[in-house]
Number of protein chains: 2
Amino acid sequence: MGRRSDHSRAELREMIITEGHRQMQEVGFARFSAREVAKRIGYSIGTLYNVFGNYDGMILAINGRTLDSWRGFLDSQLAKAGPDADRLKCAIDAYFEFAIAHRHAWAALYDFRLPEEVPLPEFYQDKITGIMDLVVREVALVLPPDRQDEAVPLARSLLATVHGHCAFTLNGTFALLGETDPLAAALQRVNEALAR
Amino acid sequence: MGRRSDHSRAELREMIITEGHRQMQEVGFARFSAREVAKRIGYSIGTLYNVFGNYDGMILAINGRTLDSWRGFLDSQLAKAGPDADRLKCAIDAYFEFAIAHRHAWAALYDFRLPEEVPLPEFYQDKITGIMDLVVREVALVLPPDRQDEAVPLARSLLATVHGHCAFTLNGTFALLGETDPLAAALQRVNEALAR
DNA sequence: CGATAAAATGATCAGTGTTCAATAATTAAA
DNA sequence: TTTAATTATTGAACACTGATCATTTTATCG
């Protein structure tokens with residue numbers, strides 16, 4: 001067949017990402033199947049490769065969608081909290097809440113890695129640095145004037161700290177070790193770094 | 001065939017784990033192949049399944065070997081440091097050093113997950129809690145007498161903190177964000193929590 | 001209506017984990 | 001020693017996977 005009037009190229013791309021993202025969330029990266037996605041949207045496997053070039057490109061697009069969704073949730077929760085709330089606590093809550101609610105899609109962000117010699121595409125880098133910028137902004141808001149220069153390195157480190165707690169929550173390590181309130185632990189570590 | 005005089009069951013098990021661990025370190029979890037392991041030790045694929053029951057059992061045995069090796073390295077580095085050194089810094093250094101030197105095997109510890117309803121086998125749980133106990137001991141050594149009750153929850157949280165920094169180092173997130181000394185950042189977070 | 005370009009296909013290939021009847025080697029019994 | 005029972009090992013077969021690309025279909029345009 002050729003161009004199908006029912007779907008433009010952009011629409012098709014969108015369909016694949018949407019269904020792929022759904023699949024990723026349902027079965028996780030290990031059981032994800034491009035063929036299954038193709039079947040569900042009514043296209044052949046070859047078409048997915050025409051659109052994304054290769055498997056990695058498709059996964060990056062799907063994981064990019066997860067990043068967008070995560071970023072959107074963080075933004076909305078911060079907006080809801082307003083300027084006088086404990087915004088960092090709010091951000092950490094949102095971080096955990098999203099990861100738990102979308103555990104498979106969230107885990108896929110880390111389960112999938114490009115070959116070592118292949119750099120992350122710019123569009124994907126931008127999504128990550130975008131989330132980073134958000135954290136930097138919130139950290140700067142909490143830091144006293146004489147420590148503003150710490151904002152960037154501190155934000156990086158606190159992101160890693162929260163990530164570590166979130167990862168141990170989702171992969172069962174904390175459950176095994178008897179930790180029942182990982183969110184509180186993460187928040188404590190963050191506040192210690194800010195108080196110093 | 002039947003029992004082969006050249007290898008006892010235990011020796012065969014050992015061969016599979018050793019070669020599997022080597023493979024895991026060389027190509028990583030995503031490209032790991034049980035067939036390839038079988039080929040390299042000169043047994044058929046079926047034999048691996050006879051020994052380990054299923055794929056997951058084999059991976060757990062291999063990852064268990066990684067945990068043993070990691071634990072051994074931590075122990076030896078702490079022993080080398082002696083009682084008067086900054087033992088927690090030493091432990092964190094060793095944590096990073098091992099993960100970097102064995103990035104693929106280390107990553108496989110987290111890339112592989114059992115089905116959600118399947119609990120971790122006891123032998124594997126013990127290896128993890130063993131590492132945890134080590135950290136608790138070191139944390140307790142640094143904590144003042146009036147804070148000894150914090151040792152366990154703090155050790156859990158600091159383990160997660162270091163893990164987060166280590167994960168961001170190995171998956172490229174820190175590089176993308178411009179962090180050039182993740183180890184120092186992790187150490188700083190840990191020291192803040194201990195100083196409070 | 002052609003002719004041209006674009007889009008979509010799916011058989012094909014090489015690989016994976018998994019199963020299990022068949023077979024071979026060892027050991028135990030007669 | 002010969003036979004029976006047990007144990008270890010095999011590898012073809014199955015149902016999948018990502019990947020390729022010659023072929024076919026559709027749309028567009030002169």
Side-chain angles (χ1 to χ4, degrees), chain A residues 1-17 19-24 26-63 104 108 111-116 118, chain B residues 1-17 19-24 26-63 104 108 111-116 118:
Chain A
M1 310 170 194
R3 209 170 290 160
R4 290 211 296 216
S5 59
D6 49 345
H7 299 303
S8 77
R9 204 64 177 182
E11 282 169 344
L12 174 53
R13 227 190 123 82
E14 176 62 26
M15 286 174 62
I16 297 171
I17 295 178
E19 182 55 39
H21 187 257
R22 189 199 325 281
Q23 278 298 303
M24 192 64 88
E26 283 177 9
V27 306
F29 178 69
R31 294 180 205 269
F32 180 87
S33 157
R35 276 188 153 87
E36 183 63 27
V37 172
K39 192 185 294 177
R40 298 220 181 180
I41 64 172
Y43 276 81
S44 75
I45 178 63
T47 296
L48 303 213
Y49 278 82
N50 291 341
V51 172
F52 290 102
N54 56 26
Y55 191 72
D56 293 0
M58 181 177 165
I59 300 294
L60 281 174
I62 290 169
N63 279 356
H104 288 143
D111 289 341
F112 169 73
R113 286 184 296 278
L114 285 170
E116 319 220 9
V118 180
Chain B
M1 310 171 195
R3 208 170 292 161
R4 290 214 294 215
S5 58
D6 48 347
H7 299 302
S8 76
R9 204 63 178 183
E11 283 168 342
L12 175 52
R13 226 189 124 83
E14 177 62 25
M15 286 174 63
I16 297 171
I17 295 178
E19 182 56 39
H21 187 256
R22 190 201 321 284
Q23 277 297 304
M24 192 63 90
E26 282 176 9
V27 307
F29 179 69
R31 294 179 204 269
F32 180 87
S33 157
R35 276 187 155 88
E36 183 63 26
V37 171
K39 193 184 296 178
R40 298 219 180 181
I41 63 172
Y43 276 81
S44 77
I45 177 64
T47 297
L48 304 212
Y49 277 81
N50 291 340
V51 173
F52 291 103
N54 56 25
Y55 190 73
D56 293 0
M58 180 177 165
I59 300 294
L60 280 173
I62 291 169
N63 280 354
H104 288 143
D111 289 341
F112 170 73
R113 287 184 294 279
L114 285 169
E116 319 219 8
V118 179

Separation of [N] [atom2] from [X] [atom1] (nearest whole Å):
{"X": "I62(A)", "N": "dG18(D)", "atom1": "CD1", "atom2": "P", "answer": "11 Å"}
{"X": "R31(A)", "N": "dT17(D)", "atom1": "CZ", "atom2": "P", "answer": "12 Å"}
{"X": "F32(B)", "N": "dG17(C)", "atom1": "CZ", "atom2": "P", "answer": "8 Å"}
{"X": "F112(B)", "N": "dT16(C)", "atom1": "CZ", "atom2": "P", "answer": "18 Å"}
{"X": "K39(A)", "N": "dG18(D)", "atom1": "NZ", "atom2": "C1'", "answer": "15 Å"}
{"X": "I41(B)", "N": "dA8(D)", "atom1": "CD1", "atom2": "C1'", "answer": "14 Å"}
{"X": "Y49(A)", "N": "dT12(C)", "atom1": "OH", "atom2": "P", "answer": "18 Å"}
{"X": "H7(B)", "N": "dT26(C)", "atom1": "NE2", "atom2": "C1'", "answer": "16 Å"}

From the options [options], select the nucleotide whose nearest atom is closest to the side chain of [X].
{"X": "I45(B)", "options": "dT9(D), dG11(D), dA19(D)", "value": "dG11(D)"}
{"X": "R9(A)", "options": "dA12(D), dT20(D), dA8(C)", "value": "dA8(C)"}
{"X": "R35(B)", "options": "dA8(C), dG17(C), dT9(D)", "value": "dG17(C)"}

**Request:** Using side chain to side chain contact (heavy atoms under 4.5 Å, CB included) as the criterion, list what pairs up with N50(A), not counting sequence neighbours.
**Result:**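 Scan of N50(A) (side chain to side chain contact (heavy atoms under 4.5 Å, CB included), adjacent residues dropped) gives R9(A).
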Validation row: [X], [Y] side chains within 4.5 angstrom (heavy atoms):
{"X": "H104(B)", "Y": "R31(B)", "value": "no"}
{"X": "M24(A)", "Y": "F112(A)", "value": "no"}
{"X": "S33(B)", "Y": "V27(B)", "value": "no"}

**Request:** Enumerate the residues from residues 50-58 of chain B whose closest heavy atom to DNA chain C is under 4.0 Å, giving them by residue number; use none for an empty result.
**Result:**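 Contacts with DNA chain C under 4.0 Å: Y55(B).
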So does [X] get a side-chain nitrogen or oxygen closer than 4.0 Å to the phosphate oxygens (OP1/OP2) of [N]?
{"X": "S33(A)", "N": "dT17(D)", "result": "yes"}
{"X": "T47(A)", "N": "dA8(C)", "result": "no"}
{"X": "Y43(B)", "N": "dT9(D)", "result": "yes"}

With sequence neighbours excluded, what pairs up with [X] under the side-chain hydrogen bond (donor to acceptor under 3.5 Å, both in side chains) test?
{"X": "R35(A)", "answer": "none"}
{"X": "Y49(B)", "answer": "none"}
{"X": "R22(B)", "answer": "E19(B)"}

**Message:** Angle between the two end axes of the helix from dC1(C)-dG30(D) to dA30(C)-dT1(D), five base pairs per end, rounded to 10 degrees?
**Reply:**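 Its terminal axes enclose an angle near 20°.
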**Item:** Sugar-phosphate only, base, or nothing, as touched by I59(B) at under 4.0 Å among non-hydrogen atoms
**Value:**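 Nothing: the residue I59(B), judged by heavy atoms under 4.0 Å, touches no strand.
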**Request:** Identify whether any heavy atom of L48(B) sits under 4.0 Å from a base atom; if not, whether one sits that close to sugar-phosphate; answer base, sugar-phosphate or nothing.
**Result:**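 No contact at all - L48(B) keeps every heavy atom at 4.0 Å or more from the nucleic acid.
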**Request:** First locate atom CG of L48(B), then atom CG of N54(B), and finally report the distance between them rounded to the nearest 0.5 Å.
**Result:**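 Spacing of CG (L48(B)) from CG (N54(B)) equals 12.0 Å.
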**Item:** F29(B) side, atom CZ; I62(B) side, atom CD1 - distance, nearest 0.5 Å
**Value:**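 Reported to 0.5 Å precision, the distance equals 10.0 Å.
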**Request:** Identify the residue among V37(A), V51(A), L12(A), I16(A) that makes a side-chain contact (heavy atoms from CB on, under 4.5 Å) with Y43(A).
**Result:**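 Of the listed options, the one satisfying the test is L12(A).
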